[in-house]
2 protein chains.
Amino acid sequence: MMVGMADTRQRLIHGAIATLRERGITGTSARTIAATAGVNQALVFYHFGSVPELLKQACLTATEFRVAPFLARMEQVRSLRELLDLGREIHAEERAAGNVTVRAQFLAGAHADPELAEATAAALRLWIEPLERTLERLLSDSPVAEPADVHGIARAVAAAFIGLELFEGVDPEGGRAALDALERLAVLAEVVDELGPVARRALRARLRRSR
Amino acid sequence: MMVGMADTRQRLIHGAIATLRERGITGTSARTIAATAGVNQALVFYHFGSVPELLKQACLTATEFRVAPFLARMEQVRSLRELLDLGREIHAEERAAGNVTVRAQFLAGAHADPELAEATAAALRLWIEPLERTLERLLSDSPVAEPADVHGIARAVAAAFIGLELFEGVDPEGGRAALDALERLAVLAEVVDELGPVARRALRARLRRSR
DNA sequence: GTCTATACAACGATAGAC
DNA sequence: GTCTATCGTTGTATAGAC
């Protein structure tokens, strides 16, 4: 019946993520995924056609699942400080759940597989687009960002977190130091937002001049 | 004779990097590396013992080679603006040389192999330590950074570039937008450095308060 | 040091019974 | 839909001739 099939597909998707997390991209195969999922190896090909195709679907599905609980909280953020706190919380939870490792495997695998690259980009957009909407709201009258810049700032923030995640993977102490430094620098933006009108106008002019 | 051996080792190291660049970590094996290097497959094991061991050595050697030409220029940098320009230039050259892809493969592979993680961290330190010395020099009297922060800022900058590199791999347009945004934000630090003494003292106090 | 040849494990993928 | 059985390929690694 239908339920069995849907269940097997889900088990394989979940098994793919778990295998990527525990054994890395080099240790991920139809056999190891099926063993983790507790199903037969041939079912990978019956349901998904190939291993890369399964990985593509797993990439998107798993991210949707992870982003969902944070969407409402992003909409309620009222200051850069609050956004920073939420970002730190998301970062800690993603790391604890092992999703940082999985993201690294997808980003690396994407270089050799254009379709996986597109799936990875789509998964990242699930994080970036809500972030962009939040930044639009918070920076609407800040001298730091022209409206057109928010698109780039959202992607820069996402890229910085991705880099931090990977850097932590090879140098945990360095990663912590980097995160601390980023948080201190973020205070700069907050300070700017507390400036008086004269200083704001001067800063805005100075920034305009330099682009 | 000795020359032949050294030559074969170098060919294998160069072949390992090229294979990683062209076929990704999943397509990198003793056979594919040897084919790229134009030597026999068995020599991978004779000279390095195993494929991961060859990759470790390739990671360090290749980075040393890439960093060297930029060391002198880092020491001559006299402002944040100049440092940013140099960073953009390094970024462009590294990408053109295909080293971004290679770094992604190492960072991902590091999650499954602690020894490769240590080699990757050591390779990144080759970039980070000169950067840290440069920042120490430039930010010695800036209100943006306490002396103790420079360690973290250098690693945050490195992490941000790593993230940017990987993000570009899955979303080139987004990567460009992020780089543009980072450059505009970097102007903020420059503006701060041009403040008068009163404003500097106020900012320094405000930043101290928030850490 | 380098080569050929080979052992053996794990891989992707499919055919066919159930 | 799921299983067993199996094909051919590719992987690591080693032994032994040169």
- Query: Should the pair A/Arg103 and A/Phe161 be classed as cation-pi, given the thresholds of under 6.0 Å to the six-membered ring centre and 45° from the axis?
  - Reply: no
- Can you tell me how far C1' of D/dT2 sits from CZ of A/Arg11, to the nearest Å? 13 Å
- Query: Could you give the CZ-to-C1' distance, from A/Phe48 to C/dG12, as a whole number of Å?
  - Reply: 16 Å
- Message: Do B/Arg9 and B/Phe48 form a cation-pi contact, if we require the NZ or CZ to be under 6.0 Å from the six-membered ring centre and within 45 degrees of the ring's axis?
- Response: yes
- Just checking B/Thr26: base, sugar-phosphate only, or nothing, at a heavy-atom cut-off of under 4.0 Å? nothing
- If you measure from the Lys or Arg side-chain nitrogens to the Asp or Glu carboxylate oxygens, is any gap between B/Arg176 and B/Glu173 under 4.0 Å? no
- Query: Among D/dG11, C/dA13, D/dG1, which is the nearest nucleotide to the side chain of B/Thr32?
  - Reply: D/dG11
- Rounded to the Å, how far apart are B/Glu53 CD and D/dA13 P? 11 Å
- Task: Select base, sugar-phosphate, or nothing to describe what B/Val44 touches, counting heavy atoms under 4.0 Å on all strands.
- Result: nothing
- Specify the separation, in whole Å, of atom CZ of B/Phe45 and atom P of D/dG16. 18 Å
- Kindly say if B/Ser29 contacts the phosphate of D/dT10, meaning a side-chain N or O under 4.0 Å from OP1 or OP2. no
- Query: Starting at the 5' end of DNA chain C and moving along, which residue's nearest nucleotide shows up first, A/Ala42 or A/Arg31?
  - Reply: A/Arg31
- Rounded interatomic separation in angstrom, taking CD1 from B/Ile33 and P from D/dA13: 12 Å
- Item | Cationic N near anionic O, under 4.0 Å, B/Glu118 to B/Arg125 | yes
- Earlier contact from the 5' end, DNA chain C, for B/Leu43 and A/Gly27: B/Leu43
- Query: Could you give the CG-to-C1' distance, from B/Asn40 to D/dT14, as a whole number of Å?
  - Reply: 13 Å
- Task: Taking only the side-chain nitrogens and oxygens of B/Thr8, find out if one of them lies under 4.0 Å from OP1 or OP2 of C/dG1.
- Result: no
- Note on the structure: By nearest-heavy-atom nucleotide on DNA chain D, the more 5' of A/Gln41 and A/Tyr46 is A/Tyr46
- Salt bridge check: are A/Arg95 and A/Glu165 linked by an N-O gap of less than 4.0 Å? no
